[in-house]
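What you see below is based on every heavy atom in this structure, not just the backbone, and it leaves out hydrogens, waters and symmetry mates.
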Amino acid sequence: MASENPITDADFAQLLELEKDQDPAHGWELQKETDLSRVWVRKVADEPVNLCKGYHDYPGIKKDVLVKILTDVELRGKVDPLYKRFEVAKDFGDYRLIYAEMNMPVFGMSNRDFLSYSAKKTTEKEVILFNKTATDADWPEISGIVRGELTVSGRIIREKEGDPNSSTMTSLLQPDYKGYLPTFAINAKQVDGTIKGQAWLRDFYQKTYKKTLDENETAE
């Protein structure tokens with residue numbers, strides 16, 4: 001268990017550097033594009049799963065609301081149907097230990113779980129969320145579930161330029177799922193999952209969370 005915040009300024013800076021890098025010489029390729037999302041991948045030597053980067057738009061969702069949905073574990077667990085469990089294992093104040101178990105989207109793969117430290121950095125321009133693989137004696141591996149690791153995991157959220165009622169997000173994810181891994185299938189699912197995950201988030205806001213916000217405003 002960490003005695004001080006294991007997530008440093010260097011970790012947050014790493015996300016910002018990865019966000020702006022699109023150089024094909026560094027291995028980046030644009031894989032998929034929709035009206036609201038663009039997904040790039042970078043193949044990393046000796047890593048079975050690609051680094052996946054998405055640039056996403058959230059029309060009508062304010063930055064603070066998007067951050068709330070992504071950092072409130074009760075809400076976050078409702079957004080993505082692949083999550084079987086998503087909870088705060090321990091809260092240290094300036095960072096948290098997060099446990100997540102997910103159903104894998106590829107047939108034949110056992111469920112994966114992840115134990116990670118999670119922290120947030122807020123600047124004038126953005127909110128940066130970073131997750132780093134953790135170990136904790138109180139949260140050992142579970143029989144029948146493969147414990148994965150996070151090589152890269154984070155999000156950068158900003159107010160959309162010229163529209164304070166909308167936001168943008170850059171997502172960065174490179175998990176190491178461990179165990180049996182059909183590499184081609186999981187990398188394809190990684191790209192599709194990045195698009196679907198943002199669609200689920202927008203859908204959750206429109207159908208569920210916006211109603212809560214409207215009711216609170218009415219009550220006030």
Side-chain angles (χ1 to χ4, degrees), residues 1-2 6-7 11 14-15 18 27 29 31-32 37 39-54 56 69-91 95-119 129-155 169 171-204:
M1 183 178 68
I7 297 175
D11 292 318
Q14 177 197 24
L15 291 185
L18 288 171
E29 296 179 6
Q31 291 289 302
K32 195 165 186 176
S37 292
V39 180
W40 295 69
V41 300
R42 187 178 77 179
K43 297 175 182 177
V44 181
D46 300 323
E47 296 284 350
V49 180
N50 296 333
L51 172 55
C52 193
K53 174 169 62 179
H56 314 286
I69 293 172
L70 291 170
T71 56
D72 184 310
V73 292
E74 184 176 349
L75 296 176
R76 185 73 183 87
K78 294 176 180 178
V79 169
D80 193 330
L82 292 179
Y83 281 123
K84 188 173 180 180
R85 291 176 63 187
F86 195 94
E87 59 190 91
V88 176
K90 295 181 180 180
D91 192 333
Y95 70 101
R96 299 181 296 178
L97 183 68
I98 301 293
Y99 176 81
E101 179 190 350
M102 62 184 299
N103 299 306
M104 294 303 294
V106 177
F107 179 77
M109 291 186 69
S110 301
N111 282 8
R112 262 51 173 183
D113 67 0
F114 295 87
L115 192 66
S116 64
Y117 297 120
S118 175
L129 310 177
F130 190 92
N131 288 77
K132 175 183 287 188
T133 292
T135 58
D136 190 287
D138 295 331
W139 288 81
E141 296 184 23
I142 300 171
S143 177
I145 301 174
V146 178
R147 177 65 53 90
E149 296 181 358
L150 298 172
T151 306
V152 178
S153 178
R155 297 176 175 87
M169 180 175 75
S171 62
L172 290 142
L173 180 63
Q174 185 185 14
D176 184 348
Y177 290 111
K178 304 296 186 181
Y180 166 67
L181 193 68
T183 305
F184 177 80
I186 201 65
N187 278 312
K189 290 287 186 181
Q190 185 94 327
V191 172
D192 290 339
T194 298
I195 299 286
K196 287 180 181 178
Q198 310 320 309
W200 289 332
L201 196 157
R202 297 184 193 99
D203 191 60
F204 171 77

4.5 Å side-chain heavy-atom contact, [X] and [Y]:
| X | Y | result |
| --- | --- | --- |
| L173 | L150 | yes |
| S116 | T133 | no |
| I186 | M104 | yes |
| S118 | Y95 | no |
| F130 | S153 | no |
| E101 | I142 | no |
| W139 | L97 | yes |
| T151 | V44 | no |

Which atom of [X] lies closest to which atom of [Y], heavy atoms considered:
| X | Y | result |
| --- | --- | --- |
| M109 | P182 | SD-CD, 3.7 Å |
| T194 | G54 | CG2-CA, 4.4 Å |
| D136 | L115 | N-CD2, 3.8 Å |
| G77 | Y83 | O-CB, 4.5 Å |
| F204 | L75 | CZ-CD2, 3.9 Å |
| N187 | P48 | ND2-O, 3.1 Å |

What's the separation between atom [atom1] in [X] and atom [atom2] in [Y], rounded to the nearest 0.5 Å?
| X | Y | atom1 | atom2 | value |
| --- | --- | --- | --- | --- |
| F86 | M102 | CZ | CE | 11.0 Å |
| T183 | Q190 | OG1 | CD | 12.0 Å |
| N111 | I145 | CG | CD1 | 6.0 Å |
| K78 | I69 | NZ | CD1 | 11.5 Å |

Reference residue S171; test side chain to side chain donor-acceptor pair (under 3.5 Å); the match among R155, K53, H56: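 That would be H56; it is the only one of R155, K53, H56 passing the side chain to side chain donor-acceptor pair (under 3.5 Å) with S171.
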Just by modelled atom types, is the [Y] backbone N or O under 3.5 Å from a matching donor or acceptor in the [X] side chain?
| X | Y | value |
| --- | --- | --- |
| D176 | K178 | yes |
| R147 | Y177 | no |
| Q174 | V49 | yes |
| R42 | W40 | no |

Between K32 and D192, does a salt bridge (Lys or Arg N to Asp or Glu O under 4.0 Å) hold up when you go through it step by step? CA-CA 8 Å; K32 195 165 186 176; D192 290 339; 2.9 Å; yes
Quick test of your reading of the model: are R85 and E87 salt-bridged, counting only N-O distances below 4.0 Å?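 Yes.
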Pair K90 + D138: basic N to acidic O under 4.0 Å: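 Counted as a salt bridge, because a side-chain N and a carboxylate O are separated by less than 4.0 Å.
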Short side-chain donor-acceptor distance under 3.5 Å, Y99 and D113: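 Side-chain D/A pair, D113 to Y99: present.
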Tell me, with the steps shown, if L15 and L129 meet side-chain contact (heavy atoms from CB on, under 4.5 Å). CA-CA 9 Å; L15 291 185; L129 310 177; over 6 Å; no
Take V41 and V191 through the side-chain contact (heavy atoms from CB on, under 4.5 Å) test and state the conclusion after the steps. CA-CA 8 Å; V41 300; V191 172; 3.7 Å; yes
